[in-house]
Each structure stands twice: as C-alpha cells, then as structure tokens.
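Throughout, residue positions are numbered sequentially from 1 according to the sequence presented. All ligand and atom numbering here is 1-based and tracks the order in the structure.
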Amino acid sequence: MELREPSEEELSELRERVRPYLSDERYAHTLSVEGECAYMAKILMPEHEHSLRAAALLHDIAKKQTYEKQLNYIRECDILEMEKGKTRIIPAVAHAPAGAAMVTLHFPEYACDDIVSAVRYHTTGHDGMTLFEAIVFLADYIEPTRKYAECRELHDFVHENLSCGGERILRRALIRCIENTLAHIDGEPDDDTVKTLNYLQSGEKMPRTL
Ligand SMILES: [Fe+2]
C-alpha cells in the first residue's frame with residue numbers, strides 16, 4: 001500500500017482510537033513522540049509530516065499486551081516471515097513486530113509499508129533503515145517525557161543542531177542512541193540493533209522511504 005498523508009481530522013480521530021490500547025503514561029509518551037516526529041519532519045521530511053505523526057501514534061499500540069498475545073499477533077500476520085531467518089524475539093522488543101501486526105489488523109487504512117515497517121523496527125532499527133523509520137526511532141528515544149539523562153542530552157543536541165545540520169545530525173544522534181542502548185542492555189542485544197549501528201557508521205546514504 002502506498003504512503004498516504006492523513007488529514008489533521010484523521011490524525012485527531014487516530015489520537016482517540018489509539019487511546020484504549022495505551023496506559024495513561026504510555027499515551028502521554030505517544031503524544032510526545034508525535035510531537036518530536038512533527039518537529040523532525042518539518043526539517044527533514046515535510047512532505048510526510050502527517051504520515052510520520054500517524055506512525056508515532058501507532059508505534060506502541062502492542063505495549064499493553066502480554067508477551068503471549070504479542071507472539072500471537074506476530075504469528076497471525078506472518079511478521080516472522082519478514083525477519084529473514086531470525087530465530088528469537090526478545091520480550092523487550094516483541095511489542096514492535098506485534099504492533100506492526102496490530103496496525104495491519106486493526107488500522108488497515110494506515111497499514112502502508114512505511115508505517116508498518118516504522119512500527120516494526122522502532123525499537124531496533126534495521127540494516128538499510130529509511131529516513132522515515134529513523135525519525136520514528138529517534139523520536140521514541142528523545143521525546144521529552146523520558147527522564148534519563150542520555151535521552152535529555154540527545155533531545156537537546158537534536159533541537160540545537162538539526163535545523164543547521166540536517167541528516168548528518170540525525171545520523172550522529174541515532175548512533176549515540178544505539179550506543180547508549182547497547183551499553184545498558186542485559187544479555188545479548190537484538191541482531192538488528194547491531195546491524196543498524198554498523199549500517200549507520202558505514203555512512204551509506206539512507207533512502208527516504210521504502
Ligand atoms: Fe515508544
């Protein structure tokens with residue numbers, strides 16, 4: 001399905017539709033991610049600001065589900081087929097592929113490839129990640145309701161530099177975000193997280209969308 005820009009009215013309606021899927025705290029986080037996506041989109045991707053905001057509103061819709069239910073959603077939508085040989089799904093990141101499945105099932109009018117993939121990869125990124133996906137990924141980390149010092153610092157770095165430095169700043173922020181994440185992980189990191197870091201450090205040009 002082609003990437004489509006929802007209207008302001010549709011975004012207002014979507015804000016209400018996602019609410020039952022989220023705790024109060026998670027809803028506040030979601031609205032804050034939407035705000036960060038809008039901020040970065042205005043600088044980097046103005047033509048897709050509304051679809052980026054929709055992806056932000058949908059990114060955590062599986063967060064309230066149990067791990068079992070998340071796996072059921074993933075199985076139901078064959079998201080594992082997209083994983084190209086992956087043999088495990090770490091519980092901490094399962095809400096991302098489950099969320100992608102839930103978008104397909106419960107929000108089909110938003111289930112274009114770019115939004116589904118942005119939800120799917122918002123916790124790990126992936127090799128060849130697009131600018132669209134990268135904006136959602138970074139917005140999730142730097143949104144201002146997060147209180148960790150690393151998130152606050154990266155938020156300020158992005159807001160001070162993005163309008164002058166553009167994609168170069170986005171890439172630096174993403175690399176720092178993933179390095180911070182890897183430094184705090186207990187046990188083995190998800191394969192995609194490591195691949196994303198290598199991809200970003202290689203300097204390969206990011207496609208804008210899928
Ligand atoms: Fe999130």
Side-chain angles (χ1 to χ4, degrees), residues 11 14-41 45 48-67 69-71 73-74 79 89-104 106-107 110-111 114-126 129-159 170 173-174 176-186 189-190 192-193 196-197:
L11 287 172
L14 184 58
R15 250 173 246 124
E16 293 312 309
R17 281 174 66 194
V18 300
R19 198 175 195 136
Y21 293 91
L22 302 161
S23 66
D24 288 349
E25 195 183 342
R26 189 58 50 180
Y27 189 63
H29 159 75
T30 293
L31 296 183
S32 200
V33 175
E34 184 194 2
E36 288 302 309
C37 275
Y39 166 76
M40 287 191 270
M45 213 173 216
H48 293 311
E49 182 191 331
H50 283 202
S51 52
L52 279 162
R53 284 166 57 185
L57 290 171
L58 292 161
H59 85 281
D60 265 346
I61 49 167
K63 194 83 177 179
K64 229 163 69 168
Q65 308 294 319
T66 62
Y67 181 52
K69 280 195 177 150
Q70 289 171 347
L71 291 181
Y73 271 116
I74 294 166
I79 299 284
I89 299 182
I90 296 170
V93 304
H95 73 281
M102 288 174 73
V103 171
T104 306
H106 302 315
F107 300 85
Y110 289 97
D114 287 281
I115 290 180
V116 170
S117 190
V119 173
R120 164 68 190 84
Y121 289 109
H122 82 267
T123 57
T124 61
H126 66 93
M129 179 160 68
T130 63
L131 181 63
F132 189 98
E133 292 164 331
I135 289 172
V136 177
F137 180 97
L138 187 61
D140 186 34
Y141 189 81
I142 65 170
E143 65 83 4
T145 75
R146 292 212 190 264
K147 300 295 178 224
Y148 294 113
E150 292 97 330
C151 302
R152 309 293 322 127
E153 275 167 31
L154 218 44
H155 171 274
D156 294 348
F157 170 76
V158 169
H159 281 254
L170 179 88
L174 286 163
R176 275 169 56 183
C177 165
I178 295 172
E179 285 173 345
N180 290 345
T181 303
L182 289 173
H184 289 109
I185 267 172
D186 257 345
D190 187 277
D192 280 324
T193 308
T196 307
L197 184 60

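- No other N/O/S atom of Asp140 lies as close to the Fe ion (ligand 1) as OD1 does.
- A donor and an acceptor atom, one from each side chain of Tyr148 and Asn180, are nowhere located under 3.5 Å apart.
- Cation-pi geometry between Arg17 and Phe107 is not met: the NZ or CZ atom fails to fall both under 6.0 Å from the ring centre and inside 45° of the normal.
- The backbone N or O of Glu25 sits nowhere less than 3.5 Å from a side-chain atom of His29 that would complete a donor-acceptor pair.
- Atom NE2 is the N/O/S atom of His29 found closest to the Fe ion (ligand 1).
- Taking the Fe ion (ligand 1) as reference, Asp60 places its N/O/S atom OD2 nearest.
- Look at Glu34 and Arg15 and you find a salt bridge, because one of the NZ, NE, NH1 or NH2 atoms lies within 4.0 Å of a carboxylate O, short of that distance.
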